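Structure record follows, encoded as structure tokens.
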Amino acid sequence: MDYRAMEKKWEKKWEETKLYSFDPNQPGEKKYVLEMFSYPSAAKLHIGHWYNYGPADSFARFKRMQGYNVFHPMGFDAFGLPAENYAIKTGIHPKDSTYANMEIMEEQLRNIGGSFDWNHTVKTCDPGYYKWTQWLFLQLYKNGLAYRKEAPVNWCPSCNTVLANEQVVDGCCERCHTAVTRRNLTQWFFRITQYADELLADLPKLDWPERIKAMQVNWIGRSEGAEITFSLENGGSFPVFTTRADTLFGNTYCVLAPEHPLVDSITTPEQKEAVDQYREYAAGASDIDRLSTAREKTGVFTGGYAINPINGRKVPIWIADYVLFSYGTGAVMAVPAHDERDYEFALKYDLPIERVVEGGEGLPYIGSGKLINSPGFDGMENTKGIGAIVAALEEKGMGKLKVNYRMRDWLISRQRYWGAPIPMIHCEHCGVVPVPEDQLPVELPYDVDFTPDGTSPLLKNEAFMNVTCPVCGQPARRDADTMDTFVCSSWYYLRYPDCENTEEAFNIDIMDKMLPVDMYIGGAEHACMHLLYARFFTKALRDMGLLHFDEPFLRLVNQGLILGPDGEKMSKSRGNVVSPDDYIDQYGSDVFRMYLMFGFSYIEGGAWNDDGIKAISRFLDRVERLVGQVCENGKPQGGEKVASAAEKELLYVLANTVSRVTDDLERLSFNTAIARIMELVNALYRYREAGANNAAILWKAMGDLVLMLAPFAPHFAEEMFNRMGGEYSVFQQKWPECNEADMVRDIVNIAVQVNGRVRARLDVEAQADNKAIEAAALADEKVQAALEGLTVQKVIVIPKRLVSIVAK
RNA sequence: GCCGAAGUGGUGGAAUUGGCAGACGCGUCGGACUCAAAAUCCGAUAUGGGCGACCAUGUGCGGGUUCAAGUCCCGCCUUCGGCACCA
């Protein structure tokens with residue numbers, strides 16, 4: 001068969017008949033099956049796309065055939081750096097290349113055989129979409145969840161933009177791997193930390209991979225401790241955060257982050273030069289240096305002193321870059337006896353070390369024990385000491401229990417061109433003013449010089465920048481930055497069902513009907529970015545009354561990664577990239593998809609190897625031959641009866657196959673589902689080989705076979721269904737049901753073990769009760785031989801499987 | 001260092017709640033068809049021993065629980081992924 005021609009034929013027919021267009025009023029429970037949308041950085045789909053979208057599409061088709069009203073949309077995450085970098089290199093405008101890529105990709109996605117409804121799609125770079133991204137920004141702003149502040153931020157000198165914390169990997173830009181530096185800039189942030197607790201608390205509710213949940217827990221980094229106020233000698237005070245308030249008596253010095261605003265005022269004239277030098281040094285260090293645990297701790301004394309609130313002791317204040325300004329309060333109380341970092345620092349700079357917890361062999365000791373050298377608290381278990389000491393401080397207003405998070409607010413400004421403009425206006429008189437909603441979208445101008453120079457490209461477009469202030473009417477300037485593309489992707493799943501809406505981002509009634517997403521499939525690399533941001537958006541929008549649910553994605557599955565043949569991640573530089581195209585030309589897209597689903601465990605992935613691809617091709621050929629045979633033999637006349645053992649056996653295999661394939665698809669175990677179908681085909685061959693030819697049974701089995709094949713090889717199944725005289729389309733057929741009665745064999749083979757070792761096999765009637773089975777087992781010759789000289793202690797019968805005899 | 005996942009034949013990978021380990025493929029070997037090859041069809045294939053029905057050993061390593069452990073418990077080893085000076 002000419003697979004390519006056959007596939008094209010059905011793709012055309014599906015298109016013409018709008019087979020996949022979604023109608024919310026169709027019967028059947030709604031099922032929102034979603035794959036992470038694709039980024040159109042290149043026109044061609046790579047194996048990773050196929051591996052994500054092919055199997056996910058099979059799942060959607062399966063659910064559709066089961067009678068669900070499946071909503072299965074696809075779109076494009078179209079803004080972003082690669083298109084812009086490509087433009088800088090080639091001179092082709094990001095808009096032109098992106099739209100051209102999307103067109104080709106859409107065609108290729110049809111080619112996969114994807115059952116996507118292209119009437120429900122989004123392109124995040126369409127003004128009709130980003131108008132609402134901007135609108136959502138304004139809603140966050142109005143609700144105090146978007147704010148601007150100056151802060152030291154991650155700067156990628158190669159991409160010429162700031163990055164969110166989540167986009168910095170090992171101190172490098174996650175995109176280009178350039179070492180990230182820090183800059184003090186005024187930027188927009190989303191207050192995701194306000195939802196830290198809920199983002200953490202709701203995780204157990206989700207049917208997500210444990211791995212991803214663990215990563216989010218880790219990332220959110222909830223830490224229970226206390227905030228304790230240290231006053232300064234000459235007035236003023238500063239809070240520190242600590243998880244070890246119990247060790248407060250062992251505090252011998254304090255450390256501020258070099259960026260801490262208090263540093264200037266507490267530094268004495270004698271120390272000023274050293275402090276200034278150190279701050280310069282700290283600012284110059286890249287994150288890579290600064291974050292390294294192996295790095296030796298450094299710092300300088302400021303000359304200032306703080307008062308320990310529990311005992312009034314005067315302790316020196318140092319600055320050191322092992323204290324991070326962005327975590328906690330940017331200041332710590334150092335207890336060198338009970339903290340490794342403080343200990344190392346104290347040794348180096350010869351600061352006093354005082355033990356206040358008993359236990360351990362040497363110092364530092366971080367374990368638990370009784371408090372000592374802590375007047376008023378001595379002898380108390382240190383775990384209780386935390387509460388007691390904080391309570392004592394609380395009376396004086398010098399301390400309280402506090403929860404801190406590792407997660408920071410989400411920095412969303414980007415000094416790049418190809419993104420959604422931030423809908424804000426800067427007015428000399430009125431300050432920062434939101435663009436009125438009726439003036440949205442703030443359109444991204446086409447004609448912009450986006451050669452990177454460290455400033456926002458939009459800054460150079462005067463026509464864009466100059467506006468009148470919506471409050472006072474005087475000349476003002478637009479915000480020149482664009483939003484992180486993760487903002488665009490934080491809400492696209494809400495837009496799909498209502499993507500034509502020009503009045504609102506999404507209609508709440510439609511949301512009530514269609515959301516949340518029932519099944520979300522995509523790569524694990526988004527664990528702490530997209531998946532966290534989308535959850536934050538959902539919760540924030542819910543609190544604004546725009547949604548009625550708490551979580552966007554009820555079930556999440558991460559497909560594995562297909563590696564190069566060498567077992568390494570595919571990359572151009574390694575030269576181990578495998579392109580799907582040649583395989584598809586040779587075998588067709590069904591075979592390719594099905595091989596991906598058969599040759600790997602979906603969750604695991606693995607190194608590419610095409611040994612098995614011929615097997616799938618051969619398998620479909622076998623099915624085609626069978627279809628030819630049964631068609632030739634003619635349809636059943638009626639009146640055929642199940643008589644022979646071969647017929648019963650075939651029905652048994654069929655019933656089991658239906659049952660297993662259904663279960664396997666439910667849990668996305670595609671490889672075993674396909675193996676099951678292969679077994680059915682083997683059974684059909686055996687049946688034919690034996691000369692049997694009961695048309696009723698053959699047509700029943702073949703009919704179910706084609707239906708079960710439909711999710712995996714949609715074009716092929718449509719063709720076979722058609723050849724067998726089925727009325728278009730196979731996807732409007734009902735998923736086969738398992739005939740329970742056929743699943744029982746008349747005779748069951750049971751293993752008999754004596755003391756854990758199989759000694760005999762027994763053919764037993766399926767209906768036989770335990771006692772009969774037990775008696776038969778004990779009467780067996782081989783069992784009796786094995787029991788010679790032993791006394792039977794216990795007999796355990798597991799019906800239809802095993803008899804276990806214990807004897808001494 | 002902390003958190004998470006995994007380790008099964010020559011090979012990709014199977015094994016619902018502990019219940020006949022290695023399904024289904026690939027590869028290899030043998031057979032049928034053929035003048036021959038390809039394609040197709042049938043059969044064998046964990047390891048060691050035996051002509052054989054069979055026996056013994058086997059799921060990273062060492063212990064344990066159980067009639068029964070790839071699966072559960074304790075202690076390790078290795079690989080991969082994530083976090084990492086977070087006070």
Side-chain angles (χ1 to χ4, degrees), chain A residues 169-171 209-219 221-223 225-226 240-244 247 254-255 257 290-297 320-324 326-335 338-342 344-345 404-408 524-525 527-528 558 561 567 595 598-601 603-604 606-616 618-619 621-622 625 660 663-664 667 669 671-682 685-686 688-689 749-758 761 782 793-798 800-807:
Chain A
V169 177
D170 293 331
E210 288 307 316
R211 186 167 57 119
I212 300 292
K213 293 200 215 178
M215 280 164 77
Q216 291 208 351
V217 169
N218 217 318
W219 187 263
R222 182 187 155 96
S223 167
V240 303
F241 176 73
T242 180
T243 53
R244 294 297 305 271
T247 62
C254 283
V255 188
R290 191 162 166 174
L291 289 175
S292 164
T293 41
R295 186 175 185 225
E296 200 178 339
K297 296 190 181 19
D321 67 1
Y322 79 87
V323 173
L324 307 175
S326 51
Y327 182 75
T329 60
V332 303
M333 60 174 226
V335 184
H338 304 290
D339 181 282
E340 283 178 24
R341 295 151 303 182
D342 298 344
E344 190 192 323
F345 193 79
N404 250 318
Y405 300 92
R406 193 199 328 274
M407 183 171 66
R408 312 292 149 83
E525 67 272 19
C528 294
N558 298 122
L561 205 59
Y595 173 60
F598 178 66
F600 304 86
S601 156
I603 312 288
E604 300 290 323
W608 174 256
N609 101 56
D610 57 10
D611 287 347
I613 199 161
K614 271 206 183 79
I616 298 292
R618 189 180 305 158
F619 165 69
D621 287 346
R622 275 162 77 88
R625 243 174 272 135
R660 286 294 301 272
D663 287 355
D664 286 350
R667 59 192 176 101
S669 179
N671 52 350
T672 54
I674 293 171
R676 244 72 276 176
I677 298 177
M678 285 177 165
E679 273 181 291
L680 175 60
V681 170
N682 288 343
Y685 263 72
R686 276 198 301 275
R688 298 274 306 151
E689 202 65 29
N749 187 256
I750 290 184
V752 184
Q753 13 175 276
V754 177
N755 288 339
R757 200 165 288 278
V758 176
R761 289 178 185 291
K782 285 178 187 157
Q793 311 266 305
K794 194 161 42 161
V795 180
I796 299 152
V797 179
I798 295 155
K800 292 181 206 169
R801 282 196 213 181
L802 185 79
V803 180
S804 182
I805 301 168
V806 190

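All values derive from a computational prediction rather than experimental measurement. Sequence lines set the chain letters: A, B, ... in the order given, protein chains first and strands last, and positions in each chain run from 1.
Using a 4.0 Å heavy-atom cutoff across all strands shown, A/Gly328 reaches no nucleic acid atom at all. Using a 4.0 Å heavy-atom criterion, one finds that A/Phe598 contacts the bases of the nucleic acid, with or without backbone contacts as well. Counting non-hydrogen atoms under 4.0 angstrom, A/Arg406 reaches a base of the nucleic acid. Within the 4.0 angstrom heavy-atom criterion, base atoms lie near A/Ser804. At a threshold of 4.0 angstrom between heavy atoms, the contacts of A/Arg761 include nucleobase atoms, whether or not backbone atoms are also involved. Nucleic acid contact class of A/Glu210 (heavy atoms, under 4.0 Å, all strands): none. Residue contacts shown for A/Asn218 include a base, since a base heavy atom lies under 4.0 Å away. Within 4.0 Å (heavy atoms only), A/Glu340 reaches no atom of the nucleic acid at all. Using a 4.0 Å heavy-atom distance criterion, A/Arg618 is classed as a sugar-phosphate-only contact.
An OP1 or OP2 oxygen of B/U57 is reached within less than 4.0 angstrom by a side-chain nitrogen or oxygen of A/Arg757. The phosphate of B/C85 has neither OP1 nor OP2 within less than 4.0 Å of any side-chain N or O from A/Lys297. Put simply, A/Asn671 has a side-chain N or O that comes within less than 4.0 Å of OP1 or OP2 on B/A14. Close to B/G13, at under 4.0 Å from its OP1 or OP2, lies no side-chain N or O of A/Thr672. Within the 4.0 Å cut-off from OP1 or OP2 of B/C41, at least one side-chain nitrogen or oxygen of A/Arg625 is found. Side-chain N/O atoms of A/Tyr327 include one lying less than 4.0 angstrom from OP1 or OP2 on B/A87. OP1 or OP2 of B/A14 sits under 4.0 Å from a side-chain N or O of A/Ser601.
In B/G9 the base sits syn relative to the sugar, since the glycosidic angle is no further than 90° from 0.
Residue A/Arg222 contributes atom CZ, which lies 13 Å from atom P of B/A87 at whole-angstrom precision. The distance between atom CE of A/Met215 and atom C1' of B/C3, rounded to the nearest whole Å, is 11 Å.
Taking a pair to require two hydrogen-bonding distances under 3.5 Å in either a Watson-Crick or a G-U wobble arrangement, B/G4 pairs with B/C80.
Listed nucleotides B/C24, B/C85, B/C20 differ in distance to A/Ala675; the shortest reach to its side chain belongs to B/C24. Distance from the side chain of A/Asn682 is smallest to B/C24 among B/C20, B/A84, B/C24.
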